[in-house]
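Labels below follow one simple rule: chain letters A, B, ... track the order of the sequence lines, proteins then strands, and each chain is numbered from 1. On a predicted model such as this, the values are computed, not experimentally measured, just so you know.
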Amino acid sequence: KINVKRYKEQISMIGLNYDWDREINTTDPKYYKWTQWIFLQLFKKGLAFESSEPINWCPSCKTGLANEDLEDGKCERCGTAVEKKPIRQWVLKIRDYADRLLEDLKDLNWPEHVKESQKNWIGKSEGAKLWFNVANSDEKIYVFTTRPDTLYGVTYVVLAPENKLVQSLKPQIKNWKEVEEYIKKTKIKSEIERTAESKEKTGVRLEGVIVKHPITKEIIPAYISDYVLGHYGTGAVMAVPAHDDRDYAFAKKYNLPIKEVVIETFGEILSEPTRRDVVKAVIIKGSKVLLVNEGDEQYSLPGGSYELGENDNEALSREIIEETGYENFKINDYLGSIERFYRKDMKNNTGENRVRRVAGYKVELLNEEKAKIPYKYILESKWFEMNEAVKILEKTDYNAEALFIQKILDKIYSYTGKGIMINSNHFDGIDNEKAKKEITDYAGGEMTTTYKLQNWVFSRQRYWGEPIPLIHCEKCGVVPVPEKDLPLKLPKIKSYEPTGTGESPLSAISKWVNTKCPVCKGKAKRETNTMPQWAGSSWYYLRYMDSKNNKALVSPKVEKYWAPVDMYVGGTEHATRHLIYARFWHKFLFDIGVVSTKEPFKQLKNQGMVLGSDGRKMGKRWGNVVNPDEVVKNVGADTLRVYESFMGPFEQEISWSTDSMVGSRRFLDKVWRLQDKVVNKHVDSENVILLLNQTIKKVGEDIESFNANTAVSSMMIFTNLLESQEKISKNTYLNFIKILSPFAPHICEEIWETLGNKKLIVLEKWPKYDETKLVSSKVKIVVQVNGKVRSTIEVPLDSQQNDVESAALKNEAVAKWVEGKKIIKKIFIKNRIINFVV
RNA sequence: GCUCGGGUGGCGGAACUGGUAUACGCGCAACACUUAAAAUGUUGUCUAUUUCAUAGAUGCGGGUUCGAUUCCCGCCCCGAGCACCA
């Protein structure tokens with residue numbers, strides 16, 4: 001109460017006012033009655049459920065937290081690293097609204113980055129659900145994948161350590177001890193540790209678990225690894241090392257097979273090409289790579305086509321020796337294949353339409369010894385820096401081969417792009433995008449959608465918070481508190497300390513906890529968890545519309561009149577918290593007919609924070625807080641208001657600068673002194689009349705578009721003009737005072753009264769500007785020669801091209817540049833510019 | 001790594017739809033008023049040069065155009081969001 005009072009005082013001190021009749025307080029039982037009412041509606045619609053899954057637990061605050069309450073895996077309030085702990089809790093099914101929350105973003109007039117944040121947070125991902133059978137078991141391993149097209153490339157499956165399936169498979173797991181240990185180790189790792197170690201993959205094979213590939217029926221191994229997350233998708237993945245970086249890293253570490261099923265294609269796909277497959281070597285020496293000269297300024301990687309019966313290694317070894325002469329090398333990583341189409345008419349072609357499957361290998365040169373007698377196919381070879389070689393190859397017919405070098409440079413060996421299918425039976429040759437659905441169908445899976453958005457952990461084990469209005473009855477189970485009994489108030493209590501056991505402090509108040517079941521009148525206990533701080537703020541804007549209504553949270557008639565909120569201003573930190581929760585509740589209230597709009601806030605703006613003069617967030621920590629009381633005392637409330645308006649764009653963070661503030665004070669002093677020039681009857685010059693009308697227009701528009709800084713700037717310009725006048729008409733001055741009054745209400749009221757007005761200036765209407773007096777009868781025209789400004793001339797408004805031209809050419813500064821030259825072209829834009837091209 | 005913003009004087013920042021870049025304010029300098037200071041006013045203040053002028057500057061490099069802070073392509077830097085999301 002003390003804080004509210006103080007805050008109101010400060011607000012009033014700087015001349016801001018609100019309709020305090022509508023004031024609300026989310027902690028007032030009269031208000032939270034309706035917060036509880038909304039919860040009951042959610043409960044009745046099955047959107048609130050009890051769960052005891054592991055959730056984020058802050059050991060310092062001793063309470064569970066929602067995902068949205070974390071920052072980098074730490075508690076947003078105290079910065080403590082959260083743990084995963086199974087706690088009985090109430091959860092809201094915000095996920096059921098994920099699609100609508102995403103879809104309806106499109107029509108909102110919100111800052112792009114806020115929409116983007118919400119989009120990321122919701123994290124919609126389309127793919128397929130597939131399953132793998134486990135031999136000698138009824139269990140199936142379900143996986144979610146966005147790449148069902150790569151199903152033939154699966155060489156193992158991985159379960160999240162926390163996946164329940166691991167427990168069900170226990171009888172078959174021969175190395176249970178090892179597996180159990182790994183699960184334990186994962187559990188104690190905090191979320192941050194788990195992601196921090198992302199480079200090095202770890203895991204344990206589930207020995208004895210025989211998994212069958214759904215199509216090929218091949219037996220593949222199963223692993224658990226913490227690179228698979230329990231709470232996303234199905235908590236299990238099919239691993240395709242050839243087409244996923246993470247699977248590749250894991251496969252390399254545990255020596256698992258890598259099977260390529262999608263390859264990139266180059267060139268246009270031809271009908272009836274001749275096939276001639278080749279194998280190519282990326283021979284590395286330090287940061288350099290060897291290219292061979294194919295003649296005609298064409299370079300390529302060494303290598304060539306297979307001879308009868310040769311496998312990749314044999315063909316490659318032979319080709320390297322033949323083309324480069326090097327004899328001692330080791331063939332290392334397979335770099336994947338590509339398919340390259342060569343048309344007849346290409347530079348280095350022998351006259352047939354040809355397709356080549358090009359397989360690449362990384363080759364290590366052991367020493368630079370060459371064969372004594374050169375082979376007849378030997379080519380001139382040359383070492384290049386790898387990134388240089390990429391550029392050279394890209395200019396040749398062999399451009400596709402640059403990809404192999406790029407893979408080494410990027411250190412990424414899996415291919416995640418588009419292409420055509422290979423090694424996939426009858427799906428070979430088709431486009432991988434097309435294969436997604438076809439292979440899913442063939443494997444008996446289904447296309448599905450997953451979200452990153454987690455359901456909302458809605459209960460807290462704190463005292464402060466709205467009690468969740470539910471009753472646990474021994475016979476009837478969970479029963480809602482009857483609506484007529486709302487609000488369910490918090491009991492008075494001595495100790496607010498959290499218990500730390502995962503139970504709220506309320507659980508210790510037996511008088512409050514023990515109650516009767518509203519259904520069977522038998523023994524029952526109250527729910528002791530409370531709601532998070534977000535609950536009351538998720539709908540408060542609706543209560544402003546009808547703050548005193550005790551029959552409904554808002555009457556439909558009133559809601560129809562006011563809603564939705566036209567302009568909502570808040571900090572950017574609300575992007576993935578309050579603004580998601582409020583949208584969710586609003587949509588729910590829409591579904592049950594309480595509100596008439598799908599979205600709560602039509603337009604959103606993020607105000608930029610005023611930072612300390614050191615550029616840091618104001619706070620005790622840095623001792624850089626600017627106290628408004630002091631500022632008002634020193635320079636006045638109006639100066640503070642003008643300065644804050646003028647300092648910069650509304651949405652931008654700006655450092656406070658007491659030094660710059662004097663400009664605003666000087667401006668107001670000037671305005672004050674202008675009173676001395678005011679004369680009752682005076683005809684202002686055309687300049688003054690024009691600028692007055694322009695300024696009225698601009699300030700009005702700037703206020704609407706939140707550009708207070710340019711509004712103030714234009715008023716300063718006008719003031720400067722008035723200052724240069726001997727006399728000013730009272731009418732002009734008073735019109736100006738009217739438009740200044742929202743920025744500097746105190747001084748303007750004073751001037752208004754001094755000049756003989758009886759009523760307050762705030763009651764005055766916004767002045768109208770005269771459309772006919774916005775533009776001068778003469779305009780300045782910029783004269784350019786070859787696009788360079790050479791002079792400006794003054795001509796009557798709306799002068800025709802001919803008149804402007806002759807006037808411009810008479811101008812000395814222009815004539816100088818045009819003299820003796822031929823004018824090729826003239827560009828004329830009315831009232832703006834004339835440009836001679838010579 | 002992906003996505004979204006942004007980069008303009010010594011500083012805060014302005015510039016409509018491609019049409020005089022640097023408005024307005026701060027700071028700084030000189031001058032006027034004053035015994036002096038403050039306050040106020042006047043003038044100047046992007047850079048270089050040969051300073052009545054010319055040339056070059058809106059993160060860097062290209063392009064389109066008579067003309068680009070504005071549009072297109074490639075890069076660099078800063079801020080924000082997400083991040084082993086299968």
Go through the N and O atoms of the side chain of [X] and the base of [N], and report whether any donor-acceptor pair is under 3.5 Å.
{"X": "A/Glu116", "N": "B/G5", "value": "no"}
{"X": "A/Arg666", "N": "B/C26", "value": "no"}
{"X": "A/Lys452", "N": "B/C82", "value": "no"}

[X] near the nucleic acid: base, sugar-phosphate alone, or nothing, with a heavy-atom cut-off under 4.0 Å?
{"X": "A/Lys698", "value": "nothing"}
{"X": "A/Val837", "value": "sugar-phosphate"}
{"X": "A/Ile829", "value": "base"}
{"X": "A/Pro111", "value": "nothing"}
{"X": "A/Arg790", "value": "sugar-phosphate"}
{"X": "A/Trp656", "value": "nothing"}
{"X": "A/Ser657", "value": "nothing"}
{"X": "A/Ile827", "value": "base"}
{"X": "A/Ser117", "value": "sugar-phosphate"}
{"X": "A/Lys124", "value": "nothing"}

Which nucleotide sits closest to the side chain of [X]: [options]?
{"X": "A/Val228", "options": "B/C4, B/A86, B/G19", "answer": "B/A86"}
{"X": "A/Arg673", "options": "B/G41, B/G12, B/C16", "answer": "B/G41"}
{"X": "A/His113", "options": "B/A86, B/C24, B/C4", "answer": "B/C4"}
{"X": "A/Asn835", "options": "B/G19, B/G81, B/A86", "answer": "B/G19"}
{"X": "A/Tyr227", "options": "B/A53, B/C84, B/U20", "answer": "B/C84"}
{"X": "A/Asn709", "options": "B/C26, B/A14, B/U20", "answer": "B/A14"}
{"X": "A/Phe646", "options": "B/G25, B/U40, B/C84", "answer": "B/G25"}

Practice task
Going by the ring pair (Phe, Tyr, Trp, His ring centres under 6.0 Å) test, name the single residue among A/Tyr248, A/Tyr254, A/Phe250 that passes it with A/Tyr156.
Solution key: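 Exactly one option meets the ring pair (Phe, Tyr, Trp, His ring centres under 6.0 Å) with A/Tyr156, and it is A/Phe250.
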Exercise for the section: Please tell me which of A/Lys825 and A/Val782 maps to the more 5' nucleotide of RNA chain B, matching each residue to the nucleotide holding its nearest heavy atom. Expected result: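 Result of the comparison: A/Val782.
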Exercise for the section: Return the 5'-most residue of the pair A/Met238, A/Ile717 with respect to RNA chain B, ranking by each residue's nearest nucleotide. Expected result: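 Closest to the 5' end, via its nearest nucleotide, is A/Ile717.
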So, does [X] get its side chain near the phosphate of [N], meaning an N or O under 4.0 Å from OP1 or OP2?
{"X": "A/Lys788", "N": "B/A21", "value": "no"}
{"X": "A/Tyr232", "N": "B/A86", "value": "yes"}
{"X": "A/Asn720", "N": "B/G25", "value": "yes"}
{"X": "A/Ser125", "N": "B/A86", "value": "yes"}
{"X": "A/Trp672", "N": "B/U40", "value": "no"}

What do you reckon, is [atom1] of [X] surrounded by more than 12 foreign heavy atoms closer than 6.0 Å?
{"X": "A/Lys164", "atom1": "NZ", "answer": "no"}
{"X": "A/Gln800", "atom1": "CD", "answer": "no"}
{"X": "A/Lys259", "atom1": "NZ", "answer": "yes"}

Exercise for the section: Would you check if the side chain of A/His213 reaches a backbone N or O of A/Leu151 as a donor-acceptor pair within less than 3.5 Å? Expected result: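 Pair found, side chain donor or acceptor close to backbone of A/Leu151.
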Problem - Side-chain (A/Lys780) to main-chain (A/Ile793) donor-acceptor, under 3.5 angstrom - result: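 No, because the side chain of A/Lys780 does not come within donor-acceptor range (under 3.5 Å) of the backbone of A/Ile793.
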Handout entry: Base-pairing mate for B/A15 - Watson-Crick or G-U, with both contacts under 3.5 Å
Key =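 Paired with B/A15, as far as the under-3.5 Å criterion goes, is no nucleotide at all.
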Practice task
Rounded to whole angstrom, note down the C1' distance from B/A21 over to B/U47.
Solution key: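 Rounded to whole Å, the distance is 14 Å.
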Practice task
Take atom C1' in B/C60 and the same atom in B/C78, then report the distance between them in whole Å.
Solution key: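 Rounded to whole Å, the distance is 15 Å.
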